[in-house]
Amino acid sequence: MCCRKVVLLPHLLRGSKIWKYKPSDLRPSSRVDYPGLTRSLTITSVDQSMFEKAQGEKVTLPCTFELSEEDIGPLDIEWVLIPADNQKKEEIIIMYAVDRVYNHYYAGLTGRMQFTNLDPRSGDGSLDILNLKASDTGTYQCKVKKAPGVQSKKMQLTVLVKPARTKCSIEGSQEIGKDVTLKCVSQEGSPLLSYDWRRVSGTQNLPATSVLNKNTGELLLKNASREYSGTYNCVATNRVGTDECSVQLNVTPPVNTAGIITGAIIGTLLGLSVLCSIIFCFCKKHREKKYEKEVHHDIREDVPPPKSRSSTARSYIGSNRSSLGSMSPSNMEGYTKTPYSQVPSEDFERAPAQNPAFAPSKYDIAHKIGDITVV
């Protein structure tokens, strides 16, 4: 008896689990793969599997496919991000199922991803990612399911950062005969960065004694001369872009350091001498003012205060007037005989240094006394 090949027709499988799809069941945990079924579905975009793009650019991850007459189930397209750590689970980032697009699964790409074709049923399930970031680097997998066919494809995306904020600088003395180093560093940029120097003024070629390190961006100019002066340009490069900067080199004759040191020493000594002179004059002036102030307020305790001549004469005359008033006519005669030499004169009060020639005579004083007595 000849054996016949048994073929399971689709209508015989309608009661099986594979046809019981609901929108709420479209989750990775609820999906069923069919390893034993015939895979008639084919993914046709197999040319490229690695992509390198610059940050901020757009990338299209291709995923085109072809269906056969045997693929009669509902079309299901998933894009999955496979983490570098095998311990972590795959994450769905966008999905097409039951004629709808679901793109809210992965917050890191929300608003920056979409299907290239608005109707993936046409056979194009490619994915567009806009405004790329360095964090978008990873492995992406496209899964196309249409029972009984299931196919998938993995692609590696690397997002690189262009060189940016490149700065040039000069290290070392710019003197004739000295070694000078030109430095070039990019503050941003994905490795591997490469640096290249060129001269943009005068002779375009670099000096014969120059040594370039393309990995560090350093250009060493040995035994510099005047001919090395000019503008130098540095270009930083990686696989996705370039950036550049420039620096001006001016090689000059050596400076006379001995003369500078001698002048500095002389200037310092002159400054110190002027400062000392100012301090000395200030201290001297201060001492003189202090001495004048002490002499002005000095009072000698061993010298009595001087007497007033007019007050002394008045006191003496007053005492004699009182005595004359108490005398009687009988004793007047005795009083008139009193020698005038006892009457004080200005000679008694005048200091030895004064001239006695201007002092009044004793007779004038006695006559005055006589007048006072008669009165």
Side-chain angles (χ1 to χ4, degrees), residues 21 26-28 31-35 37-86 88-162 190 192 238-241:
Y21 278 94
L26 297 177
R27 297 285 180 179
R31 299 199 177 281
V32 179
D33 291 335
Y34 316 101
L37 297 179
T38 303
R39 296 185 178 182
S40 57
L41 186 150
T42 305
I43 293 180
T44 59
S45 55
V46 294
D47 297 335
Q48 187 177 1
S49 60
M50 297 187 66
F51 297 85
E52 287 186 351
K53 291 291 182 178
Q55 181 174 264
E57 293 182 349
K58 168 190 172 182
V59 65
T60 298
L61 303 179
C63 185
T64 57
F65 57 91
E66 291 181 356
L67 301 175
S68 68
E69 295 179 356
E70 297 179 359
D71 303 320
I72 59 175
L75 179 62
D76 182 6
I77 303 174
E78 292 179 355
W79 277 95
V80 179
L81 176 60
I82 302 175
D85 187 356
N86 295 328
K88 296 182 180 180
K89 295 182 179 181
E90 299 177 354
E91 295 188 69
I92 293 180
I93 59 176
I94 192 171
M95 180 173 61
Y96 175 85
V98 194
D99 299 333
R100 289 187 59 184
V101 176
Y102 301 87
N103 58 2
H104 58 277
Y105 296 107
Y106 188 66
L109 288 171
T110 300
R112 296 191 297 118
M113 61 180 174
Q114 62 188 16
F115 281 104
T116 304
N117 196 314
L118 297 179
D119 186 8
R121 293 177 300 178
S122 63
D124 188 2
S126 302
L127 177 66
D128 290 341
I129 302 178
L130 312 175
N131 190 21
L132 287 171
K133 297 180 180 179
S135 58
D136 296 337
T137 298
T139 302
Y140 293 80
Q141 185 180 40
C142 173
K143 293 182 179 182
V144 181
K145 300 178 183 180
K146 189 172 177 63
V150 177
Q151 286 291 338
S152 66
K153 179 186 177 182
K154 292 182 180 179
M155 285 157 277
Q156 179 66 36
L157 173 63
T158 303
V159 181
L160 302 175
V161 180
K162 294 180 181 180
S190 300
L192 296 169
N238 65 4
R239 289 177 290 180
V240 292

Any side-chain donor near an acceptor of the partner, T158 and E52, under 3.5 Å: no
Counterpart residues, side-chain contact (heavy atoms from CB on, under 4.5 Å), relative to E66 (two or more places apart): T44
Between Y106 and N103, a side-chain donor and acceptor under 3.5 Å: no
H104 vs I94 side-chain heavy atoms within contact, under 4.5 Å: no
Nearest-0.5 Å distance, CD1 of residue I93 to CE of residue M113: 5.5 Å
Nearest atoms (heavy-atom pairs only) where L132 meets K58: CD1-C, 4.3 Å
Nearest-0.5 Å distance that lies between atom CD1 in I82 and atom CE in M155: 10.0 Å
Atom of P120, atom of L75 and distance for their closest heavy-atom approach: O-CD2, 4.1 Å
Presence of salt bridge, D136 and K53, under 4.0 angstrom: no
Gap between atom CD of Q114 and atom CG of L109 - 0.5 Å precision: 12.0 Å
Expected output: side-chain S190 to main-chain L160 donor-acceptor under 3.5 Å: no
Nearest non-hydrogen partners of K162 and G241, listed with the distance: CG-CA, 4.1 Å
I'd like a table of donor-acceptor pairs (distance under 3.5 Å, sequence neighbours excluded) in which one partner is a side-chain atom from residues 122-129, with atom names and distances.
residue	atom	partner	partner atom	Å
S122	OG	N117	ND2	3.1
S122	OG	D119	O	2.9
D124	OD1	S126	N	3.0
D124	OD1	S126	OG	2.7
S126	OG	C63	N	2.9
D128	OD1	T60	OG1	2.7
D128	OD1	T116	OG1	2.9
D128	OD2	T116	OG1	3.4

4.5 Å side-chain heavy-atom contact, K145 and V150: yes
Inter-residue atom distance E78.CD - I92.CD1, 0.5 Å rounding: 4.0 Å
Exercise: identify the closest heavy-atom pair between N238 and V161: ND2-O, 2.8 Å
Over all atoms of both residues, closest heavy-atom pair of K143 and S152: CG-CB, 3.9 Å
P62 side chain near F51 side chain, heavy-atom distance below 4.5 Å: yes
Distance, nearest 0.5 Å, that separates CG of L81 from CD of Q141: 10.5 Å
Shortest non-hydrogen contact between I43 and C142, atoms and distance: CD1-O, 4.3 Å
Stepwise side chain to side chain contact (heavy atoms under 4.5 Å, CB included) test for Y105 and M95: CA-CA 9 Å; Y105 296 107; M95 180 173 61; 3.0 Å; yes
OG-CD distance between S49 and Q156, expressed to the nearest 0.5 angstrom: 9.0 Å
Within-4.5 Å side-chain heavy-atom neighbours: W79 and F115: yes
